[in-house]
Amino acid sequence: MPQSLSSILIHLVFSTKYREPCLTPEIEAELHPYLATVLQGCDSPALIINGDRDHVHALFTLARTWAIADVVEEVKKRSSKWLKTKGPAFRQFHWQAGYGAFSVSQSQAETVRRYIADQKVHHTKLSFQDEYRALLRKSSVTFDETYVWD
């Protein structure tokens, strides 16, 4: 076969260090497009990015030539450096060390897109920690609470 083709959708989730609620609507208005630009630079275009004050969700198409860990490292590293330029409140900003990356079938892409779009409403009733635990369980990911949070 002369061509190598792929279509891999990833639902990425990561939080601020210690789930610090510092992602205000004002900073999100700049952060989400910035994250999309970084993903595009990794040849992994974003379909939607949203979140709440302490975390981010992104649905993106993973490039055939990039590993998930490398894309996430680039996204978190570049956005952390960028956020630190956004004023005194962000000078000590850090993302959590870990992340969750979940495969999404094409048939479920619209459902995941709506889920990410509704983050603000969703988190009026559910904490990030409870949401993340539910995502891990739904995806059959074995985890140890001791090492999930930082």
Side-chain angles (χ1 to χ4, degrees), residues 8-63 66-106 108-150:
I8 302 169
L9 297 179
I10 301 295
H11 177 189
L12 174 64
V13 184
F14 56 93
S15 77
T16 59
K17 189 151 184 96
Y18 307 121
R19 288 152 318 284
E20 193 68 36
C22 60
L23 303 177
T24 63
E26 297 77 24
I27 202 69
E28 281 183 323
E30 294 181 66
L31 175 62
H32 295 167
Y34 185 82
L35 293 171
T37 299
V38 176
L39 284 164
Q40 186 63 47
C42 298
D43 301 320
S44 299
L47 304 176
I48 186 170
I49 298 173
N50 199 7
D52 203 21
R53 296 182 66 89
D54 62 352
H55 70 284
V56 172
H57 290 256
L59 178 63
F60 66 94
T61 303
L62 180 65
W66 280 74
I68 293 171
D70 295 335
V71 171
V72 175
E73 179 182 7
E74 190 71 9
V75 165
K76 289 171 67 176
K77 178 177 65 176
R78 287 191 48 200
S79 62
S80 181
K81 286 180 182 180
W82 176 82
L83 276 163
K84 288 175 182 178
T85 70
K86 293 300 173 181
F90 292 99
R91 289 215 177 99
Q92 299 300 314
F93 180 83
H94 293 283
W95 293 114
Q96 73 173 103
Y99 63 90
F102 309 95
S103 61
V104 176
S105 67
Q106 293 293 332
Q108 290 299 306
E110 189 53 38
T111 300
V112 173
R113 185 190 303 257
R114 282 193 306 270
Y115 176 81
I116 292 172
D118 290 340
Q119 281 295 293
K120 301 288 187 277
V121 173
H122 185 67
H123 286 291
T124 61
K125 300 174 185 156
L126 189 68
S127 72
F128 168 69
Q129 292 97 319
D130 289 339
E131 173 192 42
Y132 192 62
R133 286 181 193 104
L135 285 169
L136 292 168
R137 288 183 187 111
K138 183 177 180 183
S139 296
S140 300
V141 176
T142 303
F143 64 98
D144 181 340
E145 284 278 336
T146 308
Y147 303 107
V148 173
W149 315 113
D150 70 342

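Since we're looking at a predicted model, the values are computed, not measured.
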Before giving the answer on side chain to side chain contact (heavy atoms under 4.5 Å, CB included), spell out for E30 and K86 the whole-Å C-alpha distance, their side-chain angles and the decisive distance to 0.1 Å. CA-CA 10 Å; E30 294 181 66; K86 293 300 173 181; 3.0 Å; yes

Please check if the distance between the ring centroids of W95 and F93 is under 6.0 Å. yes

V148 side chain near D144 side chain, heavy-atom distance below 4.5 Å: no

With salt bridge (Lys or Arg N to Asp or Glu O under 4.0 Å) as the criterion, how do R133 and E145 come out once you've worked through the C-alpha distance, each side chain's angles and the decisive distance to 0.1 Å? CA-CA 9 Å; R133 286 181 193 104; E145 284 278 336; 2.6 Å; yes

Quick one: does any side-chain atom of D150 pair with a main-chain N or O of A97 as donor and acceptor, under 3.5 Å? yes

Pair H55-E131, side chain to side chain donor-acceptor pair (under 3.5 Å): steps then yes or no: CA-CA 11 Å; H55 70 284; E131 173 192 42; 3.3 Å; yes

So, for V71 and C42, which heavy atoms are closest and what is the spacing to 0.1 Å? CG2-CB, 4.2 Å

Run the numbers on H94 and T16 for side chain to side chain contact (heavy atoms under 4.5 Å, CB included), then give the verdict. CA-CA 6 Å; H94 293 283; T16 59; over 6 Å; no

For S127 and H123, indicate whether the former's side chain and the latter's backbone hold a donor-acceptor pair under 3.5 Å. no

Side chain proximity check, I116 to H11, heavy atoms < 4.5 angstrom: yes

For I68 against A101, the heavy-atom pair lying closest together: CG2-CB, 3.8 Å

Side chains of E110 and Y115: is there a donor and an acceptor less than 3.5 Å apart? no

Side-chain contact test, heavy atoms from C-beta onward, threshold under 4.5 Å: evaluate it for F90 versus C22 and give yes or no. yes

Is any side-chain heavy atom of L9 closer than 4.5 Å to one of L62? no

Is there side-chain contact between Y99 and V13, with at least one heavy-atom pair below 4.5 Å? no

Keeping T124 on the side-chain end and V121 on the backbone end, is there a donor-acceptor pair under 3.5 Å? yes

Just wondering, do W82 and V38 contact through their side chains at under 4.5 Å, heavy atoms? no

How many angstroms lie between CD1 in I49 and CD in Q119, if you round to the nearest 0.5 Å? 12.5 Å

Do you know which two heavy atoms are closest between P45 and Q40, and how far apart they sit? CB-OE1, 3.4 Å

Might you work through the salt bridge (Lys or Arg N to Asp or Glu O under 4.0 Å) test for E28 and K120, ending with a clear yes or no? CA-CA 12 Å; E28 281 183 323; K120 301 288 187 277; 2.9 Å; yes

How about Y18: does its OH atom have over 12 heavy atoms from other parts shown lying under 6.0 Å from it? no

Looking only at heavy atoms, what is the nearest atom pair of V141 and F102, with distance? CG2-CE2, 4.3 Å

Roughly how far, to the nearest 0.5 Å, is the CG atom of L23 from the CZ atom of R53? 8.0 Å

Atom CH2 of W66 and atom CG of L39: how far apart are they, to the nearest 0.5 Å? 10.0 Å

Nearest-0.5 Å distance that lies between atom CG in L126 and atom OH in Y132: 14.5 Å

For the atom pair OG (S44) and CD1 (I8), what is the distance rounded to the nearest 0.5 Å? 9.5 Å

Is there a side-chain contact between H57 and L12, using heavy atoms and a 4.5 Å cut-off? no

For residues K76 and V72, determine if any side-chain heavy atom of one lies less than 4.5 Å from a side-chain heavy atom of the other. yes

Only one of E20, Q96, Q129 passes side-chain hydrogen bond (donor to acceptor under 3.5 Å, both in side chains) with S15, and that residue is Q96

CZ of R19 to CG of D52, rounded to nearest 0.5 Å, is 13.5 Å

Looking at every heavy atom in both V104 and L59, which two are closest together, and how far apart are they? CG2-CD1, 4.0 Å

